[in-house]
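Written below as structure tokens is the structure these notes are about.
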Amino acid sequence: MAFDKGCHLHLIDGSAYIFRAYHALPPLTRKSDGLPIGAVAGFCNMLHRYVLDSNGGDAPTHAAVIFDHSGHTFRNDLYDLYKANREAMPEDLRPQIPLTRRATEAFNIACHEIEGYEADDIIATLACEARNRGGRVTILSSDKDLMQLVGGGVELLDPMKNRRIDAAAVEERFGVPPERVVDAQALAGDSVDNIPGAPGIGIKTAALLINEYGDLDTLLDRAGEIPQPRRRQTLIEHRVQIELSRELVRLDCDTPLDFSLDDLAVRDYDPDVLLPFLAEMEFRSLSRRIAEHLGVEAPAIPEPEATATAAPETPGFDDVKHERIGDAATLAQWIERIRARGYVAVDTETTSLDEMKAELVGVALCVEPGHAAYLPLRHRPGAGSDLFADDSLAVGQMPVDEALALLKPVLEDPAILKIGQNIKYDAKILARCGIDIAPIDDTMLLSYALHAGLHGHGMDTLCERYLGHTPLPIKPLLGAGKSAITFDRVTVDDALPYAAEDADVTLRLWQAFKPQLHRERVTTVYETLERPLIPVLAQMEMNGIKVDRATLSRMSSAFAQKMAGLEAEIHGLAGETFNIGSPKQLGEILFDKMNLPGGKRGKTGAYSTNVDVLEDLATEHDLARRVLDWRAISKLKSTYTDALQTHINPETGRVHTCYSIAGANTGRLASTDPNLQNIPVRSEEGRRIREAFVAEEGNLLVSLDYSQIELRILAHIAGIDELKAAFAEGLDIHALTASEMFHVPLDQMTPEIRRQAKAINFGVIYGISGFGLARNLRIPRAEAQGFIDRYFERFPGIRDYMERTKAFAREHEYVQTLFGRRIRTPEINAKGPRSGLAYRAAINAPIQGTAADVIRRAMIRMPAAIKGLPARMLLQVHDELLFEVAEGAVDEVISRARDVMENAADPVVHLDVKLTVDAGSGPNWAQAH
DNA sequence: GACATCACG
DNA sequence: GACGTACGTGATGTCC
């Protein structure tokens, strides 16, 4: 219905409704699975009451609920601190947000949000247009920011107090008419939205000044005439800030809309949509009331006890329906199912584990356990078919473009949750198909938040442990070794049960894990440290880093020559040729043939020939020294200069590592294929490998790393005042430790004493033992124990921390980081030789894990912080972030990135110790570090 | 595929 | 009283 003169538009501030609903109700959960649902319940009640109330004499002809799109808006581009002091969304509210969109649609009310804009801007744009077309507008909100829109047929209605706010009411509130509200707010600022305004000027003074001078521009131009010196000075000094504040406060009436005013015509409830939704949410009384209102029968909502007895409702894995999607009609049917559900498990099948090379072969979907589908897209004809038609496609597949065009709106729909197992993989594949999948949940990360330390988080492990089922293996489909084929060569018939089952399993795991999150109190961990990291890492991995093949190749040749020389020497010294790379052969040469001392056999009966052993021999025997040299070079060549070259992507000329989010128990990331977190740096020769990691023309690599982050966190957690003070004063922490322990004044510190103290500091983080320290420092064990005793005497808080942590771990079988990440310690109460390991791991995990949480938080905030700058985040190495930045922007990037990193713990955790970040830049990684 | 070794934080 | 011992990772080569 077209919006014309005489029409009446209602605009509901959806986000305000949600927060009101959330705070008005206790934290209700859905009975059957524990999903937090209180805000959705309140929201639905408010919507229904709104519909009943608005059906009076002044009924709207058009109505819409407008939501804030999550994340960044144009105001953040204007001012990066905009709304920066807002508290994070409560953990149990976040999962309810998509449900409120679904609720609005279920109530058959238009529902809109637009990326990059706030709800207020959309409201402003619609209100302006409605007014221009001669209609009336009622905005259901009490937000003072919307008061600037009042007038000319636009009014606010405070839904709580049921009070209309017209121009007179606005003037009463602000002291200025609606059209001057922006000016007054720009002056007064706003602490809630973090709008600076003019310091020292509140709303009263602002109104006074605006009324006297007419408007803000005139006031600022004539600020010099203000008699009061403080006001005059403030306005002159802060003009830029005031003008920025005005831009932040002023609503954008030109928001680009992807719908029209005419689309908002009021519609009746559709009982076939609304009642099933209410039933799904298990809103019993509201369902009944609305069913009565509509004169239909209320849907039956089974009590959880009833469903528990009827548990076999969830089919087993042998009783499943797996459909093949071969045409657009079938796909459309599935998309309808997905839209009705609001979530879908997704699994992509491809030709490679390397997402940068993989081609999409098919997509599996599942919306309820036991009912999954596979959409084959690029399967090739099987073996035995015409060899010349090798690149052709198997029959019965939809055109890829057509299928993706249908799927894209669903996969990008903010109201539909996409669930995957390790969905970063699928997100990257889809990104290369032009699909930006969101919002997402990841069963691997749900398991990681719930069970880190208990077991791995691969699909097979999870399926076996939590669903009691072994998923179909991929091996029989692909084969192994040389004869292995890629997934596109698997027939669709063979692929179907495998692919469909993976999506099915993923959905079942999600249903098992998601409600647990809340019960185990790790929702915040998952929502703030795991899930938001997925797109950030996906982008970094796709960015890759440029690696210069020629440099590596030159180094490989040089290493090969050196190795050949050493090899000849070693064989000469040994008196025979043997494989130096074989510890077995080397051990026999050293300890059997040459009868050198120190031959210790390991559990397999072979002599140990590791660095420690060889290092002891090297002082007396050239052979050992040469072998050490050979090993060092062999390592550099095989693991780095040779292997890295094979990882350069031929299309991008860059190396694209893959980060495992759930690989390390402590919350650290792990880097694979290749591992770019262990590129040499400690030896001069090794560090030169970093010269091959370069920036593109006109760019520099920029490295920022936390200084001593783990020791700082230890100082905070254990509450060691001396260490805190030392960090606060920027002292050399190892020298200070040495001074405290050995009573050497700082100005008489020797490198040797400092080195020992440094080893002790690190030892403490690792759960120190006399034996370990002795080995590290190559000193007698008794002496090492003496150091430790003295350390604990000097810093008793550290020992207290260790004891506290051990006791906590023993009691709970987990430890946790400052941000609530839990690391399970199932071995802690086991007896036997492994218990020592469990203790030390328990002591280390909160420290290492908290540091990992901090840099995760920094990484998650980084894209917004450097948005608009010619800069890309490339790598993370535990306490370091590496960027590639256009030369002119280096200083700005360092400044912004440092700010994010140093304040990454805020506002959730206030560290007693400041985090500091060192920065460097250069044409390659060696020079940037 | 197990093991030893060694690169990083 | 003996045992095994610094925390967390991933990649490589040898050998079975």
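Values below: every heavy atom of this structure, side chains too, minus hydrogens, waters and symmetry copies. Labels below follow one simple rule: chain letters A, B, ... track the order of the sequence lines, proteins then strands, and each chain is numbered from 1. All of these numbers come straight from a predicted model, not from anything done at the bench.
- Pairing analysis of DNA chain C (Watson-Crick: purine N1 to pyrimidine N3 plus N6-O4 or O6-N4; G-U wobble: N1-O2 and O6-N3; both under 3.5 Å) yields stems of 3 or more pairs at B:1-9 with C:7-15.
- Residue T609(A) has no polar side-chain atom (N or O) positioned under 4.0 Å from OP1 or OP2 of dA4(B).
- Distance CD1 (I580(A)) to P (dC15(C)): 13 Å, rounded to an integer number of Å.
- Nucleic acid contact for A759(A): base, since at least one base atom lies under 4.0 Å from a heavy atom of the residue.
- Of all nucleotides listed (dT5(C), dG9(B), dG10(C)), dG10(C) comes nearest to the side chain of A670(A).
- Out of dC7(C), dT5(B), dA6(C), the shortest distance to the side chain of L773(A) is found at dA6(C).
- In this structure, R778(A) places its CZ atom 15 Å from C1' of dA6(C), rounding to the nearest Å.
- If you check residues 674-687 of chain A against DNA chain B, the residues with a heavy atom closer than 4.0 Å are Q677(A), N678(A), I679(A), P680(A), V681(A), R682(A), listed by number.
- With both ends at atom P, the span from dA4(B) to dG4(C) equals 14 Å, rounded to whole Å.
- Within residues 623-643 of chain A, the residues that have a heavy atom under 4.0 Å from DNA chain B are, in order of number, R631(A), K635(A), Y640(A).
- Considering all non-hydrogen atoms of both residues, T817(A) and G849(A) come closest at CG2-C, 3.5 Å.
- The phosphate of dT9(C) (OP1 or OP2) has a side-chain N or O of N665(A) nearer than 4.0 angstrom.
- Phosphate contact (OP1/OP2 of dT5(B), side-chain N/O of S608(A), threshold under 4.0 Å): present.
- Of the candidates dC15(C), dA6(C), dA11(C), dC15(C) carries the atom nearest the N579(A) side chain, counting heavy atoms from C-beta on.
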